[in-house]
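Heads up: the structure comes next, in structure tokens.
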Amino acid sequence: MSNNYQVQNLPDYFKQYKKSIKNPKKFWDKIADENFVWYQRWSKVLEYDMESANIKWFKNAKLNITKNCLDRHLSTRGDKTAIIFEPNNPEEEARYISYQELYDEVGKMANVLQSQGVKKGDRVVIYLPMIPELAITMLACARLGAIHSVVFAGFSSSAVSSRINDCDAKVVVTSDGSYRGAKTLDLKSIVDEALDKSPQVEKVLVVKRTNQAVKMKEGRDFWLDELLEKAPKDFVSVIMDAEDPLFILYTSGSTGKPKGMVHTTAGYMVYIGYTFKNVFNYQENDVYWCTADIGWITGHSYILYGPLLNGATTVIFEGVPTYPQPDRFWEVIEKHKVTQFYTAPTAIRSLAKESVEWVDKHDLSSLKVIGSVGEPINEEAWHWYNDQIGKKKCPIVDTWWQTETGGILISPLPFVTPTKPTYATLPLPGIQPVLMNEKRIEITENQQNGNLCIRFPWPGIARTIWGDHQRYIDTYFKAFPGKYFTGDGALRDEVGYYRITGRVDDVIIVSGHNLGTAPIEDSINEHPAVAESAIVGYPHDVKGNALYGYVMLKEVGEDRDKENLRKEINHLISEQIGPIAKLDKIQFVSSLPKTRSGKIMRRILRKIAEGDFSNFGDTSTLLNPEIVDEIKNQRIN
Ligand code: PRX
């Protein structure tokens with residue numbers, strides 16, 4: 001990596017930005033050319049059509065992302081630590097995996113996968129805790145050209161099987177169990193249950209982590225360590241086309257079916273390599289730590305690929321912020337002398353509630369840049385983070401992006417862009433944000449709110465939804481023709497800084513997790529006593545948003561045990577989606593407010609959940625206006 005792509009200062013940013021907008025192809029051509037290794041150069045930098053959502057970057061280029069993440073570092077950084085593994089239990093020793101060791105492990109794993117019948121283009125579902133094997137398996141898939149789909153190891157068996165079935169995976173990699181704080185989870189039995197509904201899976205490779213007893217199905221399930229022992233280290237990376245899929249990652253949508261966002265090889269690599277370097281101001285001997293789970297896009301792009309593309313040292317942390325005590329994050333920063341720390345507002349808010357003595361016990365002087373991602377960071381949390389963690393000397397990078405965007409689109413660049421609390425500030429080079437009003441007209445003035453769209457494709461944008469390109473077009477390219485619609489609202493201030501105000505669709509972000517209302521409602525409605533339901537979000541001081549459910553029962557009987565019903569409903573959600581989607585409040589209602597065309601008026605339900613009874617707007621157009629008072633009077637505090 002020649003490090004040609006570092007933005008130096010604010011005038012340099014404006015210069016780069018201008019260049020990137022004036023001639024995006026030239027801009028990305030140079031970055032791709034100077035900073036990555038290719039088997040074959042591209043014949044065309046970009047080909048695209050926004051209407052049909054057909055986007056191709058670096059057409060006909062040939063490459064393998066793992067050559068860029070591993071092979072090319074070996075001569076200069078072979079002994080350098082690529083991954084620091086910090087286990088859940090601080091008593092267990094940390095592991096330091098060098099670039100050479102990582103290369104060897106990835107080679108062995110690629111050989112194992114191949115010997116189990118995995119070929120280029122096959123899908124491999126990975127359901128693993130935050131352990132090095134997760135990173136190794138992803139890289140091994142990429143090395144042999146298989147498409148990885150990591151499913152967050154907090155999802156339930158139903159969620160696992162629906163994802164396996166959607167992408168038709170034949171191989172699953174999991175572990176016996178996982179450690180999370182004081183708890184141990186039985187990952188293998190969740191997979192076993194999932195596979196009852198996914199009989200097409202031929203092989204399950206199991207990592208030993210907790211050494212708990214698990215059932216192994218003869219001929220289908222194999223212990224990974226036994227297979228790895230016999231596997232050779234070298235595996236020549238498969239030649240991939242620029243637009244061959246690298247991975248599928250599922251995200252919530254407005255119907256019950258999750259969307260398998262497809263990211264392809266070359267554009268993703270170039271965009272993630274470039275943004276990692278710039279947004280975190282990464283320098284050669286830095287130790288970078290992102291606390292996200294690799295099961296989310298943040299982990300894919302900025303725990304794994306971004307750092308390794310830049311030859312960085314990246315921390316993989318298995319545990320939780322409060323185990324064994326609420327200073328675990330600060331202890332780990334001190335222990336590994338972390339220089340860049342990247343976390344979520346929900347974690348910041350919950351740790352800010354603890355005594356500041358937990359922070360003060362630790363030497364955080366190694367920190368240079370601190371980051372935030374996943375949801376809007378409120379002013380109070382921003383200041384706490386700035387004062388207590390960054391000690392007012394570390395710029396906060398409030399990074400706005402999405403699973404669909406592959407990498408960060410709007411963010412300050414540290415030591416370059418002056419920060420402003422709660423603002424993601426300016427677009428990165430190559431990114432053209434626009435605000436659109438309800439009439440689909442572009443808002444050109446500043447100090448206005450609007451629907452946030454992006455005008456021009458960037459290399460990291462997802463190319464499609466697995467198996468459903470029409471849904472991709474309908475979701476992202478229809479609302480504002482010619483533009484990518486993010487689903488977020490934003491405010492642009494007087495100098496052009498962006499502040500993301502939150503979702504404008506039916507996705508609710510709870511503790512940084514993207515949850516669609518539709519899949520949760522579908523789960524609730526499966527309860528035999530439930531006729532209909534509606535979920536809305538309401539502000540919560542730690543989680544950002546919490547979930548409020550309005551549930552209409554088939555038969556309203558005073559004798560029903562409501563507390564028990566609430567438990568059953570949450571149990572159902574937990575089983576079908578995962579505990580992250582459980583409702584905080586459930587109110588039983590005799591009906592839901594609806595328009596004459598039968599649409600649930602969520603706006604009113606949202607206001608009631610928030611406790612704001614000031615202005616419901618015109619309720620006379622409702623089919624059943626009388627219900628509003630009933631719901632209001634029985635609101636759960
Ligand atoms: O609403 C925005 C919010 O998270 C959404 C994307 O969620 P997901 O695909 O799960 O990816 C999360 C990690 C990139 C966005 O549409 N969001 C993300 N980052 C921010 C944010 N909202 C405000 N400020 C942010 N920095």
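All residue numbers in this chain count up from 1 along the given sequence. Every number for a ligand or one of its atoms is a count from 1 in the order of the listing.
- Residue, atom and distance of the protein heavy atom nearest to atom 23 (C) of ligand 1 are Pro376 N, 3.1 Å.
- Distance from atom 24 (N) of ligand 1 to its nearest protein heavy atom, with residue and atom name: Glu375 O, 3.4 Å.
- Of all atoms in ligand 1, numbered sequentially from 1 with element shown, those under 4.0 Å from a heavy atom of Thr399 are 19 (N), 20 (C), 25 (C), 26 (N).
- Applying the salt bridge (Lys or Arg N to Asp or Glu O under 4.0 Å) test to every pair with at least one member in residues 442-462, sequence neighbours left out, gives these pairs: Glu442-Arg455.
- With hydrogens and angles ignored, the 3.5 Å screen pairs no side-chain donor or acceptor of Thr291 with any backbone N or O of Ala344.
- Open room surrounds CD on Glu380; 12 or fewer heavy atoms of other groups in view lie less than 6.0 Å from it.
- The closest side-chain heavy-atom distance from Tyr268 to Trp57 is not below 4.5 Å.
- Residues satisfying the ring-ring contact (aromatic ring centres under 6.0 Å, His included) criterion with Tyr498, sequence neighbours excluded, are absent altogether.
- With a heavy-atom cut-off of 4.0 Å, Gln402 touches ligand 1 through backbone and side chain alike.
- Residue His513 does not touch ligand 1, judged by heavy-atom distances below 4.0 Å.
- Side-chain N/O atoms of Ser149 and Arg123 include no donor and acceptor closer than 3.5 Å.
- Counting only non-hydrogen atoms, the option in Asp505, Asp488, Thr422 that gets closest to atom 15 (C) of ligand 1 is Asp488.
- Phe317 pairs with exactly one of Arg328, His336, Met130 by the side chain to side chain contact (heavy atoms under 4.5 Å, CB included) rule, that one being Arg328.
- Against a heavy-atom cut-off of under 4.0 Å, Asn514 is close to the following atoms of ligand 1: 6 (C), 7 (O), 8 (P), 9 (O), 10 (O).
- Distance check: His540 NE2 to Arg349 CZ gives 9.5 Å after rounding to the nearest 0.5 Å.
- Taking every non-hydrogen atom of Val373 and a distance limit under 4.0 Å, the qualifying atoms of ligand 1 come out as 13 (C), 14 (C).
- Taking a cut-off of under 4.0 Å to the non-hydrogen atoms of Trp401, the atoms of ligand 1 that pass are 6 (C), 14 (C), 15 (C), 18 (C), 19 (N).
- For ligand 1 and Thr403, the ligand atoms under 4.0 Å from any heavy atom of the residue are 8 (P), 9 (O), 10 (O), 11 (O).
- Of the candidates Ser252, Gly374, Ser301, Gly374 brings a heavy atom nearest to atom 19 (N) of ligand 1.
- A donor-acceptor contact shorter than 3.5 Å is absent between the side chain of Gln340 and the backbone of Leu367.
- Annotation: atom 13 (C) of ligand 1 to nearest protein heavy atom, Thr298 OG1, 3.3 Å.
- Ligand 1 places these atoms under 4.0 Å from at least one heavy atom of Asp398: 24 (N), 25 (C), 26 (N).
- Not one N or O of Ser372 is nearer than 3.5 Å to an N or O of ligand 1, by distance alone.
- Atoms of ligand 1 found under 4.0 Å from any heavy atom of Ile509, numbered from 1 in the order shown, are 1 (O), 2 (C), 3 (C), 4 (O), 5 (C).
- Residue Thr137 is tested with Val173, Val150, Thr174 for a side chain to side chain contact (heavy atoms under 4.5 Å, CB included); the sole match is Val173.
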